[in-house]
**Student:** 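One structure coming up, written as structure tokens, with questions to follow.
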There are 2 protein chains.
Amino acid sequence: MERFLGRLISPTLAVVEEDLRHLKVKRVKVGDIVEVLEEASLKPYLCKLVSLEKRRAVFEIVKELTPNIPRAFVRLYQCVPVKVSTFDEIVQRATEVGVSQIVPVISKRSFQKLPVIEEKIARWNRIVRESLKQCGRHHLPQILPPVRLEDVNPEGEYLNLFAFEREENNNLFKVLKFKTPSKGANIIVGPEGGFSKEEAQSLVNRGFLPVSLGNFTLRAETASVAVTFAVYNALATSDK
Amino acid sequence: MERFLGRLISPTLAVVEEDLRHLKVKRVKVGDIVEVLEEASLKPYLCKLVSLEKRRAVFEIVKELTPNIPRAFVRLYQCVPVKVSTFDEIVQRATEVGVSQIVPVISKRSFQKLPVIEEKIARWNRIVRESLKQCGRHHLPQILPPVRLEDVNPEGEYLNLFAFEREENNNLFKVLKFKTPSKGANIIVGPEGGFSKEEAQSLVNRGFLPVSLGNFTLRAETASVAVTFAVYNALATSDK
């Protein structure tokens with residue numbers, strides 16, 4: 001099912017304007033059934049194309065659909081890689097695997113320029129909205145303002161973890177198997193080169209649990225999607 | 001620690017030739033300590049650069065290291081996406097997260113041209129060798145010749161799974177939590193657009209278990225890394 005962002009102009013009609021180019025690329029024709037997400041709320045509607053005009057496409061609403069939203073709360077604190085463009089892929093993939101909030105983090109080995117990161121947030125929000133359509137998600141993950149690693153703190157009744165390459169005992173999967181029920185999770189993932197010993201010790205002192213993601217060193221973009229996927233699904237299925 | 005492929009020329013000396021450009025890019029200097037992997041066996045040696053020549057770098061072997069190899073056997077049957085270049089990323093990432101064998105698969109909605117896939121295998125093997133160095137893995141995942149989905153069969157004492165978007169009950173994490181010990185796993189991941197109903201039914205009839213990767217639709221390249229990561233780690237830590 002193709003999905004497009006649009007807006008309701010009456011209880012029975014929706015229009016797609018900004019997403020018109022995408023709709024034309026997908027060769028949607030009059031009579032075709034697609035999903036239109038109301039661009040502010042992301043509420044999904046099953047819609048039939050009734051008129052393809054120069055600047056907009058008009059749809060008849062067939063029915064309102066049940067929104068597909070995250071079933072667990074995962075906040076990803078992601079240290080910004082020195083090659084900042086890697087963060088584009090990270091926000092795209094983290095959206096697919098169920099993240100609710102993404103916080104760009106500055107750490108010892110991360111990209112350092114706060115104003116550059118702040119400027120990128122609008123771009124990352126656009127990537128997130130594209131990713132939403134592709135993965136059938138009707139909920140916008142938030143991208144929060146950047147913070148410094150020393151200001152990241154754990155929360156009570158949350159699973160508070162950080163991926164640490166030199167951790168040998170706590171494999172993520174052992175932790176997830178024996179964890180107690182949680183309200184959600186805070187996950188910290190390092191940049192290329194990971195965390196320094198001092199950074200790791202400081203995170204442990206603040207109450208974060210170091211976890212191993214296996215015996216090979218993952219790229220930052222692989223680690224973030226892998227750990228978010230695992231924690232999201234473990235939490236989302238824990239009481240079922 | 002930087003890693004390079006090379007070969008032993010005596011019990012105490014190693015040379016890097018093909019990887020010389022990579023070594024220069026990394027600005028390794030005489031006296032620096034790096035890891036040299038013997039290019040055939042991938043055995044790792046801690047080495048000190050003693051001479052940087054025009055066509056080769058000569059290293060003194062400091063000591064042999066313990067190889068870091070997979071701790072569980074995971075075979076990924078990956079349907080080749082229509083945009084074949086996506087497979088490059090899949091083999092790179094699957095190597096990081098511990099896959100032992102990758103089998104390109106032709107299914108109803110996959111890329112269809114067998115000779116094109118066969119030609120790509122040399123390229124994928126090169127990508128795998130680059131990925132090995134980056135992730136500190138001393139074991140070559142095999143890329144097997146392509147097969148058709150109807151010829152993929154489960155194995156006894158293995159976990160035999162396929163990722164299925166329309167599966168609502170068996171979340172992968174529930175399956176991994178209650179699984180019995182296994183010799184390894186066969187995982188099948190679909191192309192963009194997934195499996196047809198008939199393909200899924202046929203896989204079930206042959207003994208593959210459909211698993212859900214959560215309530216959002218993952219791209220093929222996200223699904224393959226996520227499911228391989230989860231199954232590898234669950235198997236690798238299951239008896240510890």
**Student:** Salt bridge between A:Arg75 and A:Glu155, side-chain N to carboxylate O under 4.0 Å?
**Tutor:**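 Here A:Arg75 pairs with A:Glu155 in a salt bridge, since their nearest N and O are under 4.0 Å apart.
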**Student:** If every non-hydrogen atom of A:Val36 is compared with every non-hydrogen atom of A:Ala14, which pair is closest and at what distance?
**Tutor:**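 That closest heavy-atom pairing would be CG1-CB, 4.4 Å.
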**Student:** Excluding sequence neighbours, so at least two apart, what forms ring pair (Phe, Tyr, Trp, His ring centres under 6.0 Å) with B:His139?
**Tutor:**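 Partners of B:His139 by the ring pair (Phe, Tyr, Trp, His ring centres under 6.0 Å) criterion come out as none, since no residue qualifies.
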**Student:** Which answer fits A:Glu165, side chain, backbone, both or neither, if we ask what part of it has an atom under 4.5 Å from a heavy atom of chain B?
**Tutor:**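 Contact with chain B is absent: no heavy atom of A:Glu165 under 4.5 Å.
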**Student:** Could you walk me through whether A:Glu2 and A:Glu35 pass the side chain to side chain contact (heavy atoms under 4.5 Å, CB included) check?
**Tutor:** CA-CA 6 Å; A:Glu2 299 295 343; A:Glu35 197 178 303; over 6 Å; no
**Student:** Can you pull out the residues in residues 76-91 of chain A with any heavy atom less than 4.5 Å from chain B?
**Tutor:**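 The list, in residue order, reads A:Glu89.
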**Student:** Would the distance check show the side chain of B:Thr228 and the main-chain N or O of B:Val225 forming a donor-acceptor pair, the cut-off being under 3.5 Å?
**Tutor:** no
**Student:** Name the option with the most non-hydrogen atom pairs under 4.5 Å to chain B; the candidates are A:Leu176, A:Leu218, A:Leu132.
**Tutor:**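 Most heavy-atom pairs under 4.5 Å with chain B: A:Leu218.
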**Student:** Students often mix this up, so state it plainly: with edges at 30° and 60°, are the rings of B:Phe162 and B:Phe195 parallel, tilted or perpendicular?
**Tutor:** perpendicular
**Student:** Which residue out of B:Asn215, B:Val97, B:Thr217, B:Asn171 racks up the most heavy-atom pairs below 4.5 Å with chain A?
**Tutor:**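 Option with the greatest count: B:Asn215.
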**Student:** When only pairs under 4.5 Å are counted, which of B:Arg219, B:Arg93, B:Glu221, B:Gln92 shares the most heavy-atom pairs with chain A?
**Tutor:** B:Arg219
**Student:** Pick one of side chain, backbone, both or neither for B:Leu172, based on which atoms fall under 4.5 Å of a heavy atom in chain A.
**Tutor:** side chain
**Student:** A:Phe229 and ring pair (Phe, Tyr, Trp, His ring centres under 6.0 Å): which partner among B:Phe173, B:Phe216, B:Phe229?
**Tutor:**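 In the set B:Phe173, B:Phe216, B:Phe229, the residue that makes a ring pair (Phe, Tyr, Trp, His ring centres under 6.0 Å) with A:Phe229 is B:Phe173.
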**Student:** Which atom names give the shortest non-hydrogen contact between B:Ala185 and B:Val231, and what distance separates them?
**Tutor:** CB-CG1, 3.5 Å
